[in-house]
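Here's the structure, in structure tokens; my notes come after.
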Amino acid sequence: MKVRVHVSLKNGVLDPQGRAIHHALEGMGFAGIEDVRAGRLIELDVADSVTDEALDDMCRKLLANQVIENYRIEKVA
Amino acid sequence: MGFAAAVITFPGSNCDRDMAVAIEAITGGTVHRVWHGDAVLPERLDFIALPGGFSYGDYLRSGAMAARSPIMQAVVAEAARGVAVLGVCNGFQVLTEAGLLPGALLRNAGQRFVCRDVALTVGTSQSLFTSGWFKDQRITVPVAHHDGNYYADAATLDRLEGEDRVAFRYAEPVNGSQRNIAGVLNEAGNVLGMMPHPERMIEPAQGGSDGRVLFESVLRGLRVAA
């Protein structure tokens, strides 16, 4: 089973990387960009026996830091 | 009984020797060098230090992998028993990732790696680690980090300030940290995390010796307690 874990910074947490990307895009001439937030995508390939609870546990205990980040688990196939 | 300390080395730590030298030189104690993969710490430790560096290449998040290494379970257990634990720079990041200290350390607001001496003010003199200074005393200690931008939600920051747990603040703009926080204590006061490097400022040949006071404070505090 392919699983994608999307990790993003919580609202209100400053994202210097996103801001740098924002500035770079504007510097390249792209207009109309309101905001850029950079996150992280982690792709897992796990046995079908791995439960939703176990995936959630992986996110809470390692893949995301819930002080600053949110996560979303997406099962691809 | 002499002073017994442990310095933990993770893959990618690079201030572990400096830390060991500083502790040894200032306390005259025994310093055990402990590898991250070890499951147990030496017995009867007075002090545990998590050094600076780039453990696991800062993969995932700075300190995230190191915080889950085998030795950290032992460090968490010793911290719960009241053993003094100091995390400097990457060590601070590891302590927040391990849940021993609140908050997190984000990428510096200016996005640049900052490596220079900075002015700090001592946030409290009422702690094991800072008793040798006066509150609001200005000191100089070097920083060298990319992810030193301290973040916690407003309620946590209010609690840290209300409980006198801000050990150090930056006295100049450095990395965008909330409320200029450079170092915080845990609730019990036996765990300190800080981005600046006291172990790099222990004798005049290093440009100053303000960092000595931290280790002297711990040594004196533990002798009084014993």
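Predicted, not measured: the structure shown is a model, and the values here were computed from it.
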* Asked: Around B/Glu187, counting heavy atoms of other residues, nucleotides and ligands shown, do more than 12 lie under 6.0 Å from its CD?
  ->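 Open.
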* Under 4.5 Å between any side-chain heavy atoms of B/Gln206 and B/Asp18, yes or no? ->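 The answer is no; the side chains never approach within 4.5 Å.
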* B/Leu50 versus B/Val88: any side-chain heavy-atom pair under 4.5 Å? ->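 In short, these two side chains do not touch, never coming nearer than 4.5 Å.
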* With chain A, which of B/Glu97, B/Met65, B/Arg107, B/Arg68 has the greatest number of heavy-atom pairs at distances under 4.5 Å? ->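 Highest number of pairs under 4.5 Å: B/Arg68.
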* Please determine, among B/Pro102, B/Gly176, B/Ala152, B/Ala104, the option with the most heavy-atom pairs under 4.5 Å with chain A. =>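 Heavy-atom pair counts peak at B/Ala104.
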* Asked: Is it the side chain or the backbone of B/Asn108 that comes within 4.5 Å of chain A heavy atoms, both, or neither?
  ->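 The answer is the backbone of B/Asn108.
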* To do: Against chain A, label B/Leu106 side chain, backbone, both or neither, depending on which of its atoms sit under 4.5 Å from a heavy atom there.
  =>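 It is the side chain, since no backbone atom gets that close.
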* If we ignore angles and hydrogens, is there a donor and acceptor under 3.5 Å between the side chains of B/Ser127 and B/Thr124? ->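 The answer is no; no qualifying pair exists.
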* Asked: Which word best sums up how the rings of B/Phe92 and B/Tyr150 line up, parallel for under 30°, tilted for 30 to 60°, or perpendicular for over 60°?
  ->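 B/Phe92 vs B/Tyr150 ring planes: parallel.
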* Asked: Which of the residues A/Leu14, A/Leu62, A/Leu9 is involved in the greatest number of heavy-atom pairs with chain B at under 4.5 angstrom?
  ->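 Highest number of pairs under 4.5 Å: A/Leu62.
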* chain B heavy atoms under 4.5 Å from A/Lys10: which part of the residue, side chain, backbone, both or neither? ->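 Contact with chain B is absent: no heavy atom of A/Lys10 under 4.5 Å.
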